[in-house]
2 protein chains.
Amino acid sequence: MTNSAPAGAQPAQTCCALTKIPVSAADAERLAPMFKALGDPVRLRMASLIATQPEVCVCEITPAFDLSSGTISHHLKSLRDAGLVDSERRGTFVYYWIRPEALAALSALLSVDCC
Amino acid sequence: MTNSAPAGAQPAQTCCALTKIPVSAADAERLAPMFKALGDPVRLRMASLIATQPEVCVCEITPAFDLSSGTISHHLKSLRDAGLVDSERRGTFVYYWIRPEALAALSALLSVDCC
DNA sequence: CCTCTGATTCGATATCTGTCAAGATAGACG
DNA sequence: CGTCTATCTTGACAGATATCGAATCAGAGG
């Protein structure tokens, strides 16, 4: 039980939505899965890799990780199920892109720019 | 495989650090556990409950959830291990508070205010 | 000291998760 | 139509996780 802040001292000075009003159970059910999807190092990197480009082919994602293609697919599915990315097959290849609304929802909760 | 964005159309217009440069493997290892900790509805609500006040007694947290005290402790430990909160015993009671640096780290990654 | 209360830890259990290898699909292209 | 390549799905499995109830620990106060 470390102690990095004088317990009685000043409160969290970082202001963000999370610190304004307790997240409701309903919001928590909706938002937690997105955090969960980003809660694995591989998926966090995948999401970032996809987010840095308009769209990314799976054939570009696969070689960026030392994992089987089955595992890559599995993680991409997690990200898609969480609503963070979307995908489309175009010919032989499948392309993924980020869903900005999803990032915005998380950002709104954590962003310090809310006040 | 739904299709909510015209694949070839404009890229993610929401700008945040995540979309600038792919998260490095090292950063992913450091940040993913924090997202993971927030990736459970119970813990997300707990973190928010703690973040909305300077500090919160466990005796206030416990009745806010329909869970055994053992389970509450378990989740609080997860949040603490992830570096999101810290705690201190004061007499009979234990108090938790948010670690603003941790929220700031996540915020920096997702915030739209970076450009 | 003894006991009471708040909180954590422990043991058990059911479920979930990350991973791989192998098999199944979907198009492209002869 | 057959085959090749890219991707996804399935089956299996070891390890993690959420949960409870019981046991333990830490102070407070007689």
Side-chain angles (χ1 to χ4, degrees), chain A residues 1-3 7-8 25 28-29 31-47 49-50 55-97, chain B residues 1-3 7-8 25 28-29 31-47 49-50 55-97:
Chain A
M1 199 175 289
T2 60
N3 192 359
E29 294 291 339
L31 294 165
M34 298 190 199
F35 282 119
K36 187 175 191 176
L38 296 179
D40 178 274
V42 170
R43 284 193 300 267
L44 182 55
R45 286 170 58 205
M46 269 182 193
L49 180 61
I50 293 169
E55 61 181 20
V56 187
C57 175
V58 174
C59 63
E60 279 183 78
I61 299 174
T62 303
F65 297 89
D66 194 21
L67 293 169
S68 72
S69 71
T71 301
I72 299 288
S73 271
H74 167 72
H75 284 307
L76 288 172
K77 177 166 159 46
S78 295
L79 289 171
R80 185 148 35 81
D81 288 349
L84 289 169
V85 303
D86 209 341
S87 67
E88 183 187 57
R89 171 179 283 271
R90 218 169 307 140
T92 309
F93 301 95
V94 176
Y95 296 84
Y96 280 77
W97 60 90
Chain B
M1 201 172 290
T2 60
N3 191 1
E29 292 292 337
L31 294 165
M34 299 190 198
F35 282 120
K36 187 175 191 174
L38 296 179
D40 178 275
V42 169
R43 285 194 299 267
L44 182 56
R45 285 170 57 205
M46 269 183 192
L49 180 60
I50 293 169
E55 61 181 19
V56 187
C57 176
V58 173
C59 63
E60 280 184 78
I61 299 173
T62 302
F65 298 88
D66 194 22
L67 294 169
S68 73
S69 68
T71 301
I72 299 287
S73 272
H74 165 73
H75 283 305
L76 288 172
K77 177 165 159 46
S78 295
L79 289 172
R80 184 148 35 79
D81 289 349
L84 288 169
V85 303
D86 208 340
S87 68
E88 182 187 56
R89 171 178 285 269
R90 217 169 305 139
T92 309
F93 301 94
V94 176
Y95 296 85
Y96 280 77
W97 60 89

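Labels below follow one simple rule: chain letters A, B, ... track the order of the sequence lines, proteins then strands, and each chain is numbered from 1.
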Taking only N and O in the side chain of B:R90, is any of them less than 4.0 Å away from OP1 or OP2 of D:dA26?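 No, outside the criterion.
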D:dC8, OP1 or OP2 - any side-chain N/O from A:Y96 closer than 4.0 Å? yes
Rounded to the nearest Å, what distance is computed from the [atom1] atom of residue [X] to the [atom2] atom of nucleotide [N]?
X: B:E88; N: D:dG27; atom1: CD; atom2: C1'; answer: 14 Å
X: A:D81; N: C:dG18; atom1: CG; atom2: P; answer: 12 Å
X: A:Y95; N: C:dG27; atom1: OH; atom2: P; answer: 14 Å
X: B:L79; N: C:dT8; atom1: CG; atom2: P; answer: 12 Å
X: B:F65; N: D:dT19; atom1: CZ; atom2: P; answer: 11 Å
X: B:E60; N: C:dA7; atom1: CD; atom2: C1'; answer: 15 Å

For [X], all residues meeting side chain to side chain contact (heavy atoms under 4.5 Å, CB included), sequence neighbours excluded:
X: B:C59; answer: B:C57, B:F93
X: B:E29; answer: A:P41
X: A:T62; answer: A:V58, A:I72

Is there a donor-acceptor pair closer than 3.5 Å between any side-chain N or O of A:R45 and the backbone N or O of A:A47?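 Looks like no, no N/O pair under 3.5 Å.
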For DNA chain C, which residues in residues 34-41 of chain B have a heavy atom at a distance below 4.0 Å? none
Check [X] against [Y] and note the closest heavy-atom contact, atom names and distance.
X: A:V94; Y: A:S87; value: CG1-CB, 4.3 Å
X: B:I50; Y: B:V85; value: CD1-CG1, 4.1 Å
X: B:M34; Y: B:L84; value: O-CD1, 3.8 Å

Can you list, in residue-number order, the parts of residues 66-77 of chain B that come under 4.0 Å of DNA chain D, counting heavy atoms only?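 Hits under 4.0 Å, by residue number: B:L67, B:S68, B:T71, B:H74, B:H75.
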Could you go over nucleotides 4-6 of chain C and give all protein N or O partners under 3.5 Å, atom names and distances?
none

Taking the six-membered ring of A:Y95 (Phe, Tyr or Trp), confirm whether the NZ or CZ of A:R90 is under 6.0 Å from its centre and within 45° of its axis. yes
Would you check if B:K77 and B:D81 make a side-chain contact, meaning some heavy-atom pair closer than 4.5 Å?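 They are in side-chain contact.
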Could you pull out all residues at least two apart from B:T71 that satisfy side chain to side chain donor-acceptor pair (under 3.5 Å)?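 With sequence neighbours excluded, B:T71 shows a side chain to side chain donor-acceptor pair (under 3.5 Å) to B:S68, given in chain and number order.
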Just jot down the side chain to side chain donor-acceptor pair (under 3.5 Å) partners of A:H74, sequence neighbours excluded, or say none. none
